[in-house]
Amino acid sequence: MLRPQYLPCILLLCILLCNCGASASRKTEASETEQLSFPSFSADSAYVFIERQVAFGPRVPNTTAHKRCAAYLSKELKRFGAEVFEQAAELKAFDGTKLQAVNIIGSFNPTQSKRILLCAHWDSRPWCDHDPEPQNRKQAVSGANDGASGVGVLLEIARLIGKQPPSVGIDMIFFDAEDYGAPQDAKTDMQDSWCLGSQYWAKHPHRNGYRASYGILLDMVAAPGATFYREQISEYFAPNIVEKVWKEAQRLGFGHYFVNKKGGAITDDHLYVNRISGIPCIDIIQFDPQSQSGFGHYWHTVNDTMENIDKATLHAVGSTLIHVLYKE
Ligand code: AHN
Ligand code: ZN
């Protein structure tokens, strides 16, 4: 039988239990609202954006495929409502070749002062110099993963932003001439022979005094089972952005892709955005400690094709970015 002296305790217990229930249901409501209010990233759509780029052929500067793809990328950004700048420049490659390069920039909500920069390179490498077969090494890379994947993810994000703008302004830059770097057997230290488009943009921003709160670079974001480690140049210049993105990825259940461990220090477009523009910028780049190059087995080989593009990887990267952007 219930003794009256226990009554206050039982009442207290009831109150506590009820409160727990209420906060649990509030939590579910919050995540449901989040699900409803954030657009959902379509990996199928990103896949098609990659396929279209690859269909032009290798996007090597000074080729027809390159010119046609530039027109396609500008047209898509405009279709999704961006203000588009095509920044053309003649850039000198390590071997003296003059590259007719173009950085393609799309601005969403251009009057908003809080801005985030999203970038990827859109050119492809003129040589498969890491191919195990010597006879393949003079061919250009198809660049499905190396180049087209980052741009594909960004075009899908552009499509979603066009339909439902986030509160921040977004600038997308598709950098040219990232992948014309000197092959490893070149005698001198040629670190700055890579990333020519981003070096040019950082020295000549499309708007005077351009600022963004931070930047995110995507490079090789579509290989099956890809792993993205916390890249060291990103950690040095933008540790809080690395933390924010990796934390969001873990929360969404993508911890197998976004490995919470230190990776390599990689010369990529973000280095120049950090060093020259002073905008803290991270790099989400495939890092595979098992492979010889560190960038996966298809890197700079004839196998960087659509067969090695994986929608599950695209989904992990795209969804993480959507959550980061719409929470700002
Ligand atoms: C270097 O190999 C020095 N950096 C890699 C940058 C890169 C090439 N990203 C894609 N292709
Ligand atoms: Zn490359």
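Counting starts at 1 for both ligands and their atoms, in listed order. None of these values were measured; they are calculated from a predicted model.
Atom 10 (C) of ligand 1 has its closest protein heavy atom at D146 OD1, 3.0 Å. Residue, atom and distance of the protein heavy atom nearest to atom 8 (C) of ligand 1 are D179 OD1, 3.2 Å. The shortest contact between atom 3 (C) of ligand 1 and any protein heavy atom is with W194 NE1, 3.7 Å.
Aromatic ring orientation, F258 versus F228: tilted (interplanar angle from 30° to 60°). Aromatic ring pairs are classed by plane angle as parallel below 30°, tilted from 30° to 60° and perpendicular above 60°; the pair F38 and H323 is perpendicular.
Ring centroid separation for the pair Y180 and W127 comes in under the 6.0 Å cut-off. Here the two rings, on Y210 and W201, have centers that are under 6.0 Å apart.
Among heteroatoms of the N, O or S kind in D146, OD2 lies nearest the Zn ion (ligand 2). Among heteroatoms of the N, O or S kind in H300, NE2 lies nearest the Zn ion (ligand 2). With respect to the Zn ion (ligand 2), D179 has OD2 as its nearest N, O or S atom.
Between the Zn ion (ligand 2) and H121 there is no N/O/S contact shorter than 2.8 Å. Look at D219 and the Zn ion (ligand 2): no N/O/S atom of the residue is under 2.8 Å from the metal.
The closest approach between E178 and ligand 1 falls below 4.0 Å for a heavy atom of the residue. Assignment of Q191 to the shell around ligand 1 is not supported, since no heavy atom sits closer than 4.0 Å.
Residues S107 and D171 have side chains that bring a donor and an acceptor to within less than 3.5 angstrom of each other. Judged by distance alone, the side chains of D146 and H300 do bring a donor and an acceptor atom under 3.5 Å apart. Between the side chains of Y214 and E328, at least one donor N or O sits under 3.5 Å from an acceptor N or O. With no hydrogens or angles considered, no side-chain donor-acceptor pair links H270 and D268 at under 3.5 Å.
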Evaluation steps, salt bridge (Lys or Arg N to Asp or Glu O under 4.0 Å), between E76 and R159: CA-CA 9 Å; E76 291 300 74; R159 185 183 73 82; over 6 Å; no

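Using a 4.0 Å cut-off to heavy atoms of D219, the atoms of ligand 1 that qualify are 7 (C), 9 (N), 10 (C). For ligand 1 and T267, the ligand atoms under 4.0 Å from any heavy atom of the residue are 3 (C), 4 (N), 5 (C), 6 (C).
Neither the backbone nor the side chain of R125 comes within contact range of ligand 1; no heavy atom lies under 4.0 Å.
Taking only nitrogen or oxygen atoms, main chain and side chain alike, D268 does not reach within less than 3.5 Å of ligand 1.
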